[in-house]
Amino acid sequence: MRTLDPHSPQIPRLASILILFALLAVTWLVWSGFFKALLLFLGLVSSVLCLWLTIRMRFFDDYLFCLPVGLGFVGYLFWLLREVLKSSLDVTKIVLSPSLPVSPRIARIRAGSEHPYDQVLFANSITLTPGTLSMDVDKGVITVHSLTEEGMRDLMSGEMDRRITALRRK
Amino acid sequence: MYIAVALALVVTMGLALIRALLGPTVYDRVLAVNMMGTKTVLLLSVITFAIGRPDFLDLALAYALINFIGVLAVLEFFRKRSELDPENNTKEAE
Amino acid sequence: METVIDIVSWLLLTSGGFFVLVGGVGALRMPNLYTRMHAASVTDSIGPILVIGGLILQAGMTLVSIKLAAILVFLLLTGPTASNALASAAMLSGHRPGLAQKMSAEDES
């Protein structure tokens, strides 16, 4: 299953293990808030236990930390927030109108990026926006269910896909 | 004011509960239970502020984790069951 | 400044409560499973964003804010994943969505 995009920066295995360890340690510190020796030791033990389980699950063999996190990603999140707000208002109007004007559609949409993380991001963004729902992801083709025709037209204009694909091409 | 938001959340949980009781399919029930779980997390966060006890936030996060894993486990269970026994499908009256 | 933040946070909280309520009503009113999932996704995406956003404004720059932000990120990551799993499980079990009209895949290559 190694279908990673050649353009993506590959984070080596050891580095991604260390990143996960740092994440776990920070989470423990934030949630416990105590800095006694015993509790810090317990945190270390549980972090290492989690790491061992993840390595045993062969998580690091296939997929590495390679979400396109950066300034562009933050910009994408804000764009997504606006989109979510807009479509929430649309769905609210539909729910509150007495006649309930729904016209469900299903379509298949091809994701622009070959990278599995980008496809997950695309599918999750589609589901996160009310009014559209991704039902299946198969080799980059996403089956989308939408509440109204306009929702599907918005999605088929491909702006979300363009933005996600643009995140990695730099 | 926190009370108003908490009230909206509780009412929504009640509506989700009605949907869970009405069904009609098992997936509607899972959907309603998932909704209730999200609302519980939000309700716990709001209660944290309403009564000023920050330790409720830890409960909220734990509940979010349990809810997610629980929904996935239930779905997996029904998928396995409908594979093993296609006659007696999980689909009930429409 | 204090009052401005207060007003904005109350605005976020009340609108969050409103959207959550709308999602609950929608989950009851919608005709079938897949349309109900759209209504539920209103409560699952915009509800947490607004409610927890409002609470973060109330908390200010504290440890509580970081925990709230972590809860928000977690909810926004798992919510779509759970609905995705639900939709595909329903689809696999042969639960057909009632479509108004089948739309041909224009984007399919």
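These figures come from a predicted structure and were not determined experimentally. Chain letters run A, B, ... following the sequence lines, proteins first, then strands; residues in each count from 1.
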Please confirm whether the backbone N or O of Thr35(C) pairs with a side-chain atom of Asn32(C), one donor and one acceptor, at under 3.5 Å? yes
Verdict with supporting geometry, Asn67(B) and Val41(B), side-chain contact (heavy atoms from CB on, under 4.5 Å): CA-CA 9 Å; Asn67(B) 184 47; Val41(B) 175; 5.7 Å; no
With sequence neighbours left out, write down each residue that passes salt bridge (charged side-chain N to carboxylate O under 4.0 Å, His left out) with Arg29(C), or none if nothing qualifies. none
Where does Asp58(B) contact chain C at under 4.5 Å (heavy atoms): side chain, backbone, both or neither? side chain
Select one option (side chain, backbone, both, neither) describing which atoms of Val25(C) are under 4.5 Å from chain B's heavy atoms. both
At a 4.5 Å cut-off on heavy atoms, which part of Val74(B) comes close to chain C: side chain, backbone, both, or neither? neither
Between Arg19(B) and Ala32(B) (side chain of the first, backbone of the second, donor and acceptor by atom type, cut-off under 3.5 Å), is there such a pair? no
Heavy-atom pairs under 4.5 Å with chain C are the metric here; pick the option from Leu15(B), Leu7(B), Leu22(B) that has the most. Leu15(B)
Got a sec, which residues hit ring-ring contact (aromatic ring centres under 6.0 Å, His included) with Phe56(B), two or more places apart in sequence or on another chain? none
With no hydrogens and no angle check, just 3.5 Å: does a side-chain donor-acceptor pair link Thr25(B) and Asp28(B)? yes
The reported gap from OG in Ser45(C) to CG in Leu76(C) (rounded to nearest 0.5 angstrom) is 7.5 Å
Can you tell which part of Ala64(B) gets under 4.5 Å to a heavy atom of chain C, answering side chain, backbone, both or neither? both
With a 4.5 angstrom heavy-atom cut-off, which part of Leu61(B) approaches chain C: side chain, backbone, both or neither? both
Most contacts with chain C, counted as non-hydrogen pairs under 4.5 angstrom, among Val11(B), Leu42(B), Val71(B): Leu42(B)
Would the distance check show the side chain of Ser65(C) and the main-chain N or O of Gly60(C) forming a donor-acceptor pair, the cut-off being under 3.5 Å? yes
Does any backbone or side-chain atom of Ala59(C) lie under 4.5 Å from a heavy atom of chain B? Answer side chain, backbone, both or neither. both
Checking heavy atoms, do the side chain of Leu75(C), its backbone, both or neither come under 4.5 Å from chain B? side chain
Is it the case that more than 12 heavy atoms not belonging to Ile51(B) sit under 6.0 Å from its CD1 atom? yes
I need the residue from Leu9(B), Leu57(B), Asn34(B), Val5(B) with the largest number of non-hydrogen atom pairs under 4.5 Å to chain C. Leu57(B)
Which atoms of Leu65(B) come close to chain C, meaning under 4.5 Å heavy atom to heavy atom: side chain ones, backbone ones, both, or neither? both
For Ala39(C), is there any backbone N or O sitting under 3.5 Å from a side-chain donor or acceptor partner on Thr43(C)? no
Pairs of heavy atoms under 4.5 Å with chain B: top-ranked of Gly17(C), Ala82(C), Ser83(C): Ala82(C)
If you tally heavy-atom pairs under 4.5 Å between each of Arg36(C), Lys67(C), Met37(C), Gln58(C) and chain B, the highest tally belongs to Arg36(C)
What ring-ring contact (aromatic ring centres under 6.0 Å, His included) pairs are there with at least one residue in residues 2-23 of chain B, not counting sequence neighbours? Tyr2(B)-Trp10(C)
Short side-chain to backbone donor-acceptor contact, Arg53(B) and Thr48(B), under 3.5 Å: no
Under 4.5 Å, heavy atom to heavy atom, which residues of residues 49-57 of chain C contact chain B? Val51(C), Ile52(C), Leu55(C)
